[in-house]
**Q** 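My questions all concern the structure below.
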Amino acid sequence: MSIPRETIEIIRDRAHIEDIVRKYVPSLQKKGKNFVGLCPFHKEKTPSFTVSPDKQIFYCFGCHAGGNVYTFISKIERLNFPESVRFLGGLVGGSVRDDADTANPREAAESDVMKKLNRLAAAHYHAAIKSDQGGEGREYILERGITSAAIDEFKLGYAPGEWDFLTSYLKSRRAPMNLALKLGLVSSSDKNGRTVVYDRFRKRIVFPIFNQKNEIIGFGGRIIGNGDPKYLNSPESELFSKGSILYGFNIAREHIADLKRAIVVEGYLDVIGCHQAGIKNVVAPLGTALTTQQVRLLSRYCNEIVLLFDADSAGIKASLRSLEIMKDVNVEARVAILPEGDPFDYIRKKGMREFMAIVDSSMNPVDFKIERVIAGANGKNGIDVLRGVFAVIRDIEFDTERSMYLKKASVLLSMDENDVRRDFKRFLDGRSNLKSHRARAVKPEGDAARLDFQARSYRDLIALVCHYPELVRNAMIDFSEADITDSVSRSIFVKIGELYSAGEAISIDRLFNFFTDGEEKAFLDWMLFRESKIESPAAAYTEIYINLKLYLIDQKINYFIERVKLADSSDGGDSREYLTEIEILRREREKLSAYMYNKKII
């Protein structure tokens, strides 16, 4: 059966490709006559996806995907051509009929009946939770902190312990039980040579699961009391595929699009708890780690996905699997781990503001993975931990970013940076004889393990400008005496500034005139005999500068998070101001990180 050509042309004329594509590509921006954005079909950082309103076509210069509006819908929704025409017709308000009225009248009718059965079941369960028969379920859900308003918004229900609560109701409505079996609303068994049909969901809180059209396509059931399984979902059917659906997405979609951020939690109750607390850009997968389909679905509406997990190992492992999926999708991944409990309980105990402070301080995937390696280091020697960190850094695409994390690893593990870099090369070459070791105290400037990140960075800065005096002018502009926390670096910086202001030449040997003993002289001694062969001193300077800025921003974010935690105390101040500061700092950090990233590409 085919769709009339005039119908295809009418829908194509109504569907402006730039409007349709924008629903899936949040980054799409007008550029001259065309629109440009990040391709939804492959991972990229620089936009190469172009939409031409004049020609009503799209093309990606990266992956070479292209075509008209039907091609786009077919590719992104994974539909064949007739399905794409019908789908697009639904978006633009066009009625689509096959030449023979419908492609398969029986299948279409069956699908409609199945949707009606789900609506009947949901209404029956929802009525039960409000009745005397649902007292146990209602008491459980209210004790968990779910409000009556949330019960209605999410259409929560209760399946009593009876074996025929839903079955008898469906039979009274003359529902086709073969379709009820197909949907998993009921189950069957053979008894004395005859088939007995009974309720599949018993003594459970019932969570209807909606698709994007707000149609009920399945159910999840949470057992009350002891019993297995704890959660029971509808089986896979032509209506329900749990790998492509997110719980709460029908309500959260617009909020995700407005905020350009999705928060992904683990459970149904976590979603409901966040929504009723006013955090409405929250969804959850259906009992599994995020799938590629779910990530691509979210990426159509936002450019940031925050994976928020409980403090248990199962959630953390799930987050690691999800992060691998996000590598191939044009969306920024972040990870946050709650210090205690699940999201719903944490909000009830600590409040929305402290909860959002944790979300706003979420980590990028590399930092998160490295932190997990180090956090699991109990009982392991330093070299084993280093190998774990190297396995994370190895997967970083750009060399400059790798270099930054090797430096960071040396600080976190209190190892000599040069040793770490040499060992990373051995690791990449497949050699196992790594030689880095902790607390390498051979440098006269002091034990590296006793110097924090700031002190080490400022000493690297002083060493750099002493070896490359052409950078002194930049240092005088970018830093001040008050900025430098390390006393040794500060003393030398002040003298360098005095020489620069007087128009005198700057060199390590001249600095010895001012420092004849003490830690400053020891540091100068070390610099004098240290080889300095840097290919791009200006790039090295920029890296030190930005890493220091990022460190200071992180310190400020942590400070304001602590202030948010104290917001309810008498002297805690206005937490809204602190949350605003956190958001400003987070965006500043993103800009600096993006700058570093762009420099790496160049």
**Q** Quick one: are L461 and F479 in side-chain contact, heavy atoms under 4.5 Å?
**A**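 Yes; the side chains approach each other to less than 4.5 Å.
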
**Q** What heavy-atom pair brings P208 and Y247 nearest, and what distance separates the two atoms?
**A**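 Taking P208 first and Y247 second, the nearest heavy atoms are O-CE1, 3.5 Å.
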
**Q** Check L298 against A262 and note the closest heavy-atom contact, atom names and distance.
**A**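 Here L298 and A262 meet closest at CD2-CB, 4.0 Å.
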
**Q** Does K327 come within less than 4.0 Å of E332, counting only side-chain N to carboxylate O?
**A**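 No.
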
**Q** Between E583 (side chain only) and R587 (backbone N and O only), is there a donor and an acceptor less than 3.5 Å apart?
**A** no

**Q** Decide yes or no on side-chain contact (heavy atoms from CB on, under 4.5 Å) for T400 and M404, but give the supporting numbers first.
**A** CA-CA 6 Å; T400 312; M404 181 181 73; over 6 Å; no

**Q** Salt bridge check, E77 against R300: does any charged N sit closer than 4.0 Å to a carboxylate O?
**A** yes

**Q** To the closest 0.5 Å, what do you measure between CG (L386) and CG (L412)?
**A**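 L386 atom CG to L412 atom CG measures 11.5 Å (nearest 0.5 Å).
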
**Q** Taking the side chain from H126 and the backbone from L156, do they hold a donor-acceptor pair closer than 3.5 Å?
**A** yes

**Q** What orientation do Y346 and F355 show, parallel under 30°, tilted 30 to 60°, or perpendicular over 60°?
**A** tilted

**Q** Just by modelled atom types, is the V392 backbone N or O under 3.5 Å from a matching donor or acceptor in the K369 side chain?
**A**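 No; zero donor-acceptor contacts below 3.5 Å.
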
**Q** Could you tell me if the side chain of I141 sits less than 4.5 Å from the side chain of L269, heavy atoms only?
**A**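 A side-chain contact exists here, since the closest heavy-atom pair is under 4.5 Å.
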
**Q** Measure the shortest side-chain to side-chain distance between E417 and L406 over non-hydrogen atoms and say whether it is less than 4.5 angstrom.
**A** no

**Q** Determine, step by step, whether R200 and S234 satisfy the side chain to side chain donor-acceptor pair (under 3.5 Å) criterion, reporting the C-alpha distance in whole Å, the side-chain angles of both residues, the deciding distance to 0.1 Å, and the verdict.
**A** CA-CA 9 Å; R200 186 166 184 263; S234 295; 5.2 Å; no

**Q** Do F424 and D429 come close enough that some side-chain heavy atom pair is under 4.5 Å?
**A** no

**Q** Measure the shortest side-chain to side-chain distance between R459 and D486 over non-hydrogen atoms and say whether it is less than 4.5 angstrom.
**A** yes

**Q** Would you call the rings of Y268 and F207 parallel, tilted or perpendicular if under 30° counts as parallel and over 60° as perpendicular?
**A**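 Plane angle between 30° and 60°, so tilted.
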
**Q** So, do H275 and F154 have ring centers that fall under 6.0 Å from each other?
**A**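 Yes, close enough.
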
**Q** Roughly how far, to the nearest 0.5 Å, is CE of M363 from CD1 of I337?
**A** 6.5 Å

**Q** Any chance you could measure I151, atom CD1, to E153, atom CD, to the nearest 0.5 Å?
**A**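 Reported value, rounded in 0.5 Å steps: 12.0 Å.
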
**Q** Under 4.0 Å between a Lys/Arg side-chain N and an Asp/Glu carboxylate O for R261 and D360?
**A** yes

**Q** Do the side chain of E44 and the main chain of C39 share a donor and acceptor less than 3.5 angstrom apart?
**A** yes

**Q** Report yes or no: does N118 contribute a side-chain atom to a donor-acceptor pair with the main-chain N or O of I216 at less than 3.5 Å?
**A**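 Yes; at least one donor-acceptor contact below 3.5 Å.
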
**Q** Under a 4.0 Å threshold between the charged nitrogen and the carboxylate oxygen, would E588 count as salt-bridged to K549?
**A** no

**Q** Among V21, I76, N330, which residue satisfies the side-chain contact (heavy atoms from CB on, under 4.5 Å) criterion with P40?
**A** I76

**Q** Stepwise, does the ring pair (Phe, Tyr, Trp, His ring centres under 6.0 Å) test hold for F249 with Y301?
**A** CA-CA 11 Å; F249 185 72; Y301 299 89; 5.4 Å; yes

**Q** Is the backbone of Y231 close enough, under 3.5 Å, to the side chain of R222 for a donor and an acceptor to pair up by distance?
**A** no

**Q** Given the side-chain rings of Y158 and Y140, with only the six-membered ring counted for Trp, is the space between their centroids under 6.0 Å?
**A**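 Y158 vs Y140: aromatic centres not under 6.0 Å.
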
**Q** Can E543 and K408 be said to form a salt bridge (charged side-chain N to carboxylate O under 4.0 Å, His left out), step by step?
**A** CA-CA 12 Å; E543 182 177 336; K408 187 170 187 176; over 6 Å; no

**Q** Using a 4.5 Å cut-off on heavy atoms from C-beta on, say whether the side chain of F240 contacts that of L286.
**A**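 Contact flag for L286/F240 side chains = yes.
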
**Q** Between D342 and E266, is there a side-chain heavy-atom distance shorter than 4.5 Å?
**A** no

**Q** Would you please name every residue forming a salt bridge (Lys or Arg N to Asp or Glu O under 4.0 Å) with R204, sequence neighbours left out?
**A** none

**Q** For side-chain contact (heavy atoms from CB on, under 4.5 Å), just list the numbers for S244 and Q294, CA-CA rounded to whole Å, side-chain angles, deciding distance to a tenth of an Å, and then say yes or no.
**A** CA-CA 5 Å; S244 61; Q294 290 164 338; 5.7 Å; no

**Q** To the nearest 0.5 Å, what is the distance between CD (Q454) and OG (S489)?
**A** 10.5 Å

**Q** If the threshold is 4.0 Å, N to carboxylate O, is there a salt bridge linking R422 and D419?
**A** yes

**Q** Enter the distance from L259:CG to K280:NZ here, rounded to the nearest 0.5 Å.
**A**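 NZ of K280 is found 12.0 Å from CG of L259.
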
**Q** Sort out for me which residue in I256, D270, V282, V283 forms a side-chain contact (heavy atoms from CB on, under 4.5 Å) with I263.
**A**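 It is V282; the other options fail the test.
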
**Q** Quick one: closest heavy-atom pair of P343 and L338, and the distance?
**A** N-CD1, 3.4 Å

**Q** Any salt bridge linking R490 with D483? Criterion: basic side-chain nitrogen under 4.0 Å from a carboxylate oxygen.
**A**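 No, R490 and D483 are not salt-bridged.
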
**Q** Please confirm whether the backbone N or O of A357 pairs with a side-chain atom of S361, one donor and one acceptor, at under 3.5 Å?
**A** yes

**Q** Would you find a donor on one side and an acceptor on the other, under 3.5 Å apart, between the side chain of Q293 and the backbone of I245?
**A** no

**Q** Go through it in stages, so that I can follow the logic: the residues are I358 and K350, the test is side-chain contact (heavy atoms from CB on, under 4.5 Å), and I'd like the CA-CA distance, side-chain angles, deciding distance and then a yes or no.
**A** CA-CA 11 Å; I358 290 172; K350 302 289 187 178; over 6 Å; no

**Q** Kindly indicate, with the supporting measurements, whether the criterion side-chain contact (heavy atoms from CB on, under 4.5 Å) is fulfilled by V335 and S362.
**A** CA-CA 5 Å; V335 185; S362 56; 5.8 Å; no

**Q** Donor-acceptor check, side chain of T291 to backbone of G243, threshold 3.5 angstrom: yes or no?
**A**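 A pair under 3.5 Å: yes.
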
**Q** Looking at every non-hydrogen atom in both residues, tell me the closest pair between K242 and N233 and how far apart they are.
**A**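 Shortest heavy-atom contact: CD-ND2, 4.5 Å.
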
**Q** Could you check whether any side-chain N or O of D345 sits under 3.5 Å from a backbone N or O of G341, counting only pairs where one atom can act as donor and the other as acceptor?
**A**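 Judged by distance alone, no pair lies under 3.5 Å.
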
**Q** Between I129 and G157, what is the shortest heavy-atom contact and its length?
**A**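 The pair with the smallest heavy-atom distance is CD1-O, 3.7 Å.
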
**Q** Is K407 close to D460 at the side-chain level, that is, under 4.5 Å between some pair of heavy atoms?
**A** yes

**Q** Looking at every heavy atom in both A333 and L323, which two are closest together, and how far apart are they?
**A** CB-CD2, 3.9 Å

**Q** Once rounded to the nearest 0.5 Å, what's the spacing between atom CG of L142 and atom OG of S148?
**A**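 L142 CG to S148 OG: 5.5 Å, rounded to 0.5 Å.
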
**Q** Would you call the rings of Y125 and F219 parallel, tilted or perpendicular, taking 30° and 60° as the class edges?
**A** perpendicular

**Q** Around atom NZ of K203, are there more than 12 heavy atoms of other residues, nucleotides or ligands at under 6.0 Å?
**A** no

